[in-house]
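A quick write-up on the structure given underneath.
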Amino acid sequence: MEAARQDTQSADKEHDSLIRAFETVESSLRTENWFFETVRAELEKTAPLSDYPTIMGSNGHDYLLHFTQFMFFLRALDCTDAEQISVFIDSHNAKIENQLADPNFGKSPNEFRKAIFKPERKTKILDSIRALGAPVFAIYEFGHLLIDDMSPKTTEKLIEDLRFGKLLARRVDDRIAADQKRVLIASTGFLEDTYKMSLLMQRRLIAQALGDEEIASARSNPV
């Protein structure tokens, strides 16, 4: 009898944990969908969604999410001034170099070598950030910073969509006006703010699904 009771309790716990797991997934999907719907609604204020081919393409959600997370974490980690961006670029370079050193690296080595920021290029970026007081990058620089998530060409097309929809804005550094290749882009903040709200909504939905015992256990046994 005791063994049967323990088996039943174990089965109940397993069932409860599965329910909680599904509720967590549901919360994540609901809030992520809210994020995309909110962004699409903002874009539609400028033009029909059909005018945003990259965002509305088959992988558009993934591309938009990758780009937004990049911008969000720069802000969330306070990586917004020249000194912090300098450290970030060094970390990016080291990561790319480690990938290229892997004999099993399966992507285009030539494309990834272009994504390494050489000293002169890094200096230009940091000078613009100091001059404009914001984390601004040229379009092709975004492409190289996001190369693990999508091709530079895809990033360029995504930025075109977001600029057209007024979620990104061009910034001008008068000191480099002659350098036509460095079209500087900065966020208006809409993407980051919307993504932050979606995360807060997700947290609230997950918390609402927890029982008192689970909440007490989480507080007494933080991970």
Side-chain angles (χ1 to χ4, degrees), residues 35 39 62-102 105 107-163 165-200 203 222-223:
F35 166 77
V39 172
D62 291 337
Y63 299 148
L64 178 59
L65 190 60
H66 291 318
F67 185 87
T68 299
Q69 288 174 334
F70 173 78
M71 299 302 296
F72 171 80
F73 283 113
L74 284 184
R75 181 200 288 184
L77 298 174
D78 198 25
C79 186
T80 55
D81 63 22
E83 287 67 31
Q84 293 294 332
I85 294 296
S86 176
V87 174
F88 173 70
I89 289 175
D90 289 342
S91 175
H92 164 83
N93 284 348
K95 180 181 178 183
I96 297 296
E97 288 167 354
N98 286 337
Q99 288 175 311
L100 290 171
D102 183 352
F105 185 60
K107 298 181 180 179
S108 169
N110 289 337
E111 192 70 32
F112 271 70
R113 287 192 190 96
K114 295 176 186 176
I116 295 175
F117 290 77
K118 295 181 179 179
E120 182 182 356
R121 184 180 176 196
K122 176 183 171 182
T123 297
K124 286 184 179 181
I125 294 171
L126 301 184
D127 284 347
S128 291
I129 291 173
R130 291 189 185 99
L132 298 175
V136 295
F137 301 97
I139 295 175
Y140 62 89
E141 291 163 357
F142 274 113
H144 289 151
L145 290 169
L146 287 160
I147 196 168
D148 272 334
D149 297 314
M150 49 188 157
S151 72
K153 191 64 178 178
T154 296
T155 302
E156 180 180 338
K157 291 179 179 178
L158 175 66
I159 288 173
E160 289 176 1
D161 279 3
L162 293 173
R163 281 183 67 194
K166 300 179 181 178
L167 301 189
L168 297 178
R170 182 172 182 180
R171 298 291 299 274
V172 178
D173 182 351
D174 293 330
R175 300 171 308 106
I176 61 168
D179 189 348
Q180 298 300 317
K181 291 183 178 180
R182 295 203 72 227
V183 178
L184 300 179
I185 298 295
S187 172
T188 63
F190 181 87
L191 290 173
E192 300 96 301
D193 290 342
T194 304
Y195 184 67
K196 179 181 72 174
M197 185 60 67
S198 75
L199 294 178
L200 293 173
R203 182 178 182 226
V223 176

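In this text the structure is predicted, and so the values were computed from the model without any measurement. In what follows, every heavy atom counts, from backbone to side chain, and hydrogens, waters and symmetry copies are set aside.
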Is any side-chain heavy atom of [Y] closer than 4.5 Å to one of [X]?
X      : Y      : result
Thr154 : Leu146 : no
Ile125 : Val136 : no
Val172 : Leu184 : no
Lys122 : Ile89  : yes

Check this for me: Lys196, atom NZ, are more than 12 non-hydrogen atoms of other residues, nucleotides or ligands nearer than 6.0 Å?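 Atom NZ in Lys196 is not crowded, with 12 or fewer foreign heavy atoms closer than 6.0 Å.
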Does a sphere of radius 6.0 Å around CZ in Arg203 hold more than 12 heavy atoms from other residues, nucleotides or ligands, not counting ones at 6.0 Å or beyond?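 Atom CZ in Arg203 is not crowded, with 12 or fewer foreign heavy atoms closer than 6.0 Å.
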Just by distance, no angles: are the side chains of [X] and [Y] close enough, under 3.5 Å, to form a donor-acceptor pair?
X      : Y      : value
Thr188 : Lys166 : no
Arg171 : Ser128 : no
Thr68  : Glu192 : no
Gln69  : Asp149 : no

Parallel, tilted or perpendicular for Phe67 and Phe142, by the 30°/60° rule?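 Geometry flag for Phe142 against Phe67: tilted rings.
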Could you check whether the rings of Phe72 and Tyr195 sit parallel, tilted or perpendicular, using 30° and 60° as the cut-offs?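 Rings of Phe72 and Tyr195: perpendicular, as their planes differ by over 60°.
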Point-to-point distance, once rounded to the nearest 0.5 Å, from [atom1] of [X] to [atom2] of [Y]:
X      : Y      : atom1 : atom2 : answer
Gln99  : Ile116 : CD    : CD1   : 9.5 Å
Thr194 : Leu167 : OG1   : CG    : 8.0 Å
Leu65  : Ser198 : CG    : OG    : 8.5 Å
Lys118 : Asn93  : NZ    : CG    : 11.0 Å
Arg163 : Asp161 : CZ    : CG    : 11.5 Å
Ile129 : Ile85  : CD1   : CD1   : 4.5 Å

With distance as the sole test, does [X] use its side chain to make a donor-acceptor pair with the main-chain N or O of [Y] at under 3.5 Å?
X      : Y      : result
Glu156 : Lys153 : no
Ser86  : Ala82  : no
Thr123 : Pro119 : yes
Thr155 : Ser151 : yes

Does a salt bridge link Lys124 with Asp127, judged by any charged N lying under 4.0 Å from a carboxylate O?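 Looking at Asp127 together with Lys124, the answer is no, because their closest N to O distance does not fall below 4.0 Å.
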With sequence neighbours left out, which residue pairs that include part of residues 75-85 fulfil the side-chain hydrogen bond (donor to acceptor under 3.5 Å, both in side chains) condition?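 Listed by first then second residue: Arg75-Asp193.
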Minimum heavy-atom distance between Ser187 and Gly189, given as atom pair plus value: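 Scanning both residues, the minimum pair turns out to be OG-N, 2.9 Å.
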If we check ring-ring contact (aromatic ring centres under 6.0 Å, His included) with His92, which of these qualifies: Phe117, Phe70, Phe137?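 That would be Phe117.
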Candidate pair Asp148 and Lys95, rule salt bridge (Lys or Arg N to Asp or Glu O under 4.0 Å), full reasoning: CA-CA 10 Å; Asp148 272 334; Lys95 180 181 178 183; 2.8 Å; yes
Test His144 against Arg121 for side-chain contact (heavy atoms from CB on, under 4.5 Å), laying out the working first. CA-CA 12 Å; His144 289 151; Arg121 184 180 176 196; 2.5 Å; yes
